[in-house]
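Every chain is numbered from 1 and lettered A, B, ... according to where its sequence line falls, protein lines coming before strand lines.
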2 protein chains.
Amino acid sequence: MNEQDFLAGYDPRDYPAVAVTVDVVALTIREGALHLLLIRRGAPPYAGQWALPGGFVQPGEDLGAGARRELAEETGLGGERLRRVHLEQLGSYGAPDRDPRMRVVSVAHLAFAPDLPDPVADTDADEAAWLPVTALTSRQLAFDHGAIIADGLERARSKLEYTPLATRFLAPEFTITELRAVYETVWGHPLHAGNFHRKVLSVPGFVESTGASTERGGARGGPRAKLYRAGSARLLHPALLR
Amino acid sequence: MNEQDFLAGYDPRDYPAVAVTVDVVALTIREGALHLLLIRRGAPPYAGQWALPGGFVQPGEDLGAGARRELAEETGLGGERLRRVHLEQLGSYGAPDRDPRMRVVSVAHLAFAPDLPDPVADTDADEAAWLPVTALTSRQLAFDHGAIIADGLERARSKLEYTPLATRFLAPEFTITELRAVYETVWGHPLHAGNFHRKVLSVPGFVESTGASTERGGARGGPRAKLYRAGSARLLHPALLR
DNA sequence: TGAGTTGTTCTCAACTTGAGAGAGTGAGCG
DNA sequence: CGCTCACTCTCTCAAGTTGAGAACAACTCA
């Protein structure tokens, strides 16, 4: 039986219940380390363990909108600052036994945000926090969220190669060195400063100059750095090499 | 309200019904043109229009398994030939009004198959056929399937850059020229034969030699071509350039 | 047998990358 | 105040990759 037959001949509401949720792998960079937004679960299953922020898709709400709503609820973000966060669909996870209570298909999303304040505890009893990704082990994570996070991190690493999305981890104006720090943090290895500089400026539309420079030199000396903002390119040609 | 609260305090079965389907963008190459498996709908909505093969996720069935089942049902494929088809998740489509009857979230998949026989009409009244992608206009396509197909084609084009999946459009043994024809068909422009040859052989693990050659030269002359099979690489480093 | 096509290898210029060096700026310290 | 050192940014050069074309042998068809 295929979809067409089914929907023509049956009332879909009779079909075994499937719940659809959106989950968000929200990444940011704090103190030179990649951090992830997690919620400590207050109730079983997996009580006391960390889970991705997420929830049911609301009626009338598109998947991406649901993910952005979940992100807003857990970070307290809104307006322009919420709009600047990059959000893309990561993939759907629907193994039959991934939630012990019922069939749940989760549409995971991936978000890149600049360094954000710690989430304020809202009405939820659950605790939300930015945790360094290096501190995570699958055992502490609820459901299949360890696998989702691993997929999200790999997606993030490869997206930095061929898109300018690294800029989404930074303030609207940034230096080339700050941009390089994003790459080094996400990719996990140092890059050659001179070559990185040359490459970023040579890829069309990656960054554009603001004409301004930082107010001060680096913390331990050095000249003031030129400030750039994100350019208009949505893809980097040619791509950076990891 | 988040997922945790919700599932702890409510019976999810009370939640507004959402149906989850899997759809498959199945691509193959026939006579030098990219073709797509489509089903002509017999019943409203969109009766008479073309739709992607797909259907409801069955209880106990993972998303990828559902997609492979749908592919098997519509192509009549099974066993080793089904297993050789590449299948990956493309993305989920859940706009609230994408199906006029109820909320349907569709998890779209992308398949690459070698040239397959025309689908045999099975018990379904619906007609299944491989159609050239150039012949499609959104108006003839049901639901949001035009957008899903467009996303699938773009995914296919980019996957050929950095994976060896082009080999999945071919028989287990193939010539470099046949492989180049896959790239030219999917990317839509001719490639330099000599440079393509050099590149394919220089990327580690892309192809491995069988030692054998074709029985005959080309249809209009030329030497016998060496035969290769897919190598062990799952990613191409460095990637091909479109 | 001859004409034309094709698979494969080669050549060479243009471009890109990786590694290192160095000029010049500015913070912090004694 | 002036020294030191970290830092930004530019430059150089060798090694590698790409794009375009040519060469040539193997082959089919007429």
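For the pair A:Arg224 and B:Thr177, nearest-nucleotide mapping onto DNA chain C gives the more 5' position to B:Thr177. Place B:Gly194 and B:Leu241 on DNA chain D by their nearest nucleotides, and B:Leu241 ends up nearer the 5' end.
Under the 4.5 Å side-chain criterion, counting only non-hydrogen atoms from C-beta, A:Glu88 is not in contact with A:Leu90. Side-chain contact check for B:Gln49 versus B:Arg40: every heavy-atom pair is 4.5 Å or farther apart.
For B:Lys199 and D:dT18, the shortest distance from a side-chain N or O to OP1 or OP2 is below 4.0 Å.
Spacing between atom CG of B:Leu191 and atom P of D:dA20 amounts to 11 Å, rounded to whole angstrom units. Between the CG atom of A:Leu201 and the P atom of D:dC11 there is a distance of 12 Å, given to the nearest Å. Per the geometry, CG belonging to A:Leu227 stands 14 Å off C1' belonging to D:dC9, to the nearest Å. One interatomic measurement links the two molecules: CG of A:Asn195 to C1' of D:dA14, which rounds to 13 Å at whole-angstrom precision. The separation between A:His192 atom NE2 and D:dC13 atom C1' is 12 Å, rounded to whole Å.
Boundaries of the chain B contact region on DNA chain C are C:dG4 to C:dT11, first to last in 5' to 3' order (nucleotide atom under 4.0 Å from a heavy atom).
Here B:Arg69 does not pair with B:Asp62 in a salt bridge; the nearest charged N to carboxylate O distance is not below 4.0 Å.
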Mind running side-chain contact (heavy atoms from CB on, under 4.5 Å) on B:Val107 and B:Thr21 for me, showing each step along the way? CA-CA 6 Å; B:Val107 184; B:Thr21 63; over 6 Å; no
For A:Tyr93 and A:Asp151: C-alpha separation, side-chain torsions, deciding distance, then whether side-chain contact (heavy atoms from CB on, under 4.5 Å) applies. CA-CA 11 Å; A:Tyr93 296 78; A:Asp151 291 348; 2.5 Å; yes
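Ring-plane geometry between B:Trp187 and B:His189 is classed as parallel, the angle between the planes falling under 30 degrees on a 0 to 90 degree scale with a further cut at 60. Ring geometry for B:Phe206 versus B:Tyr183: interplanar angle over 60°, hence perpendicular rather than tilted (30 to 60°).
A donor and an acceptor atom, one from each side chain of A:Ser106 and A:Asp23, are located under 3.5 Å apart.
Within 4.0 Å (heavy atoms only), A:Arg198 reaches at least one base atom of the nucleic acid.
No donor-acceptor distance shorter than 3.5 angstrom exists from the side chain of A:Glu161 to the backbone of A:Arg242, with no hydrogens or angles considered.
Near DNA chain C, meaning a heavy atom under 4.0 Å away, the residues from residues 204-223 of chain B are B:Arg220, B:Gly221, B:Gly222, B:Pro223.
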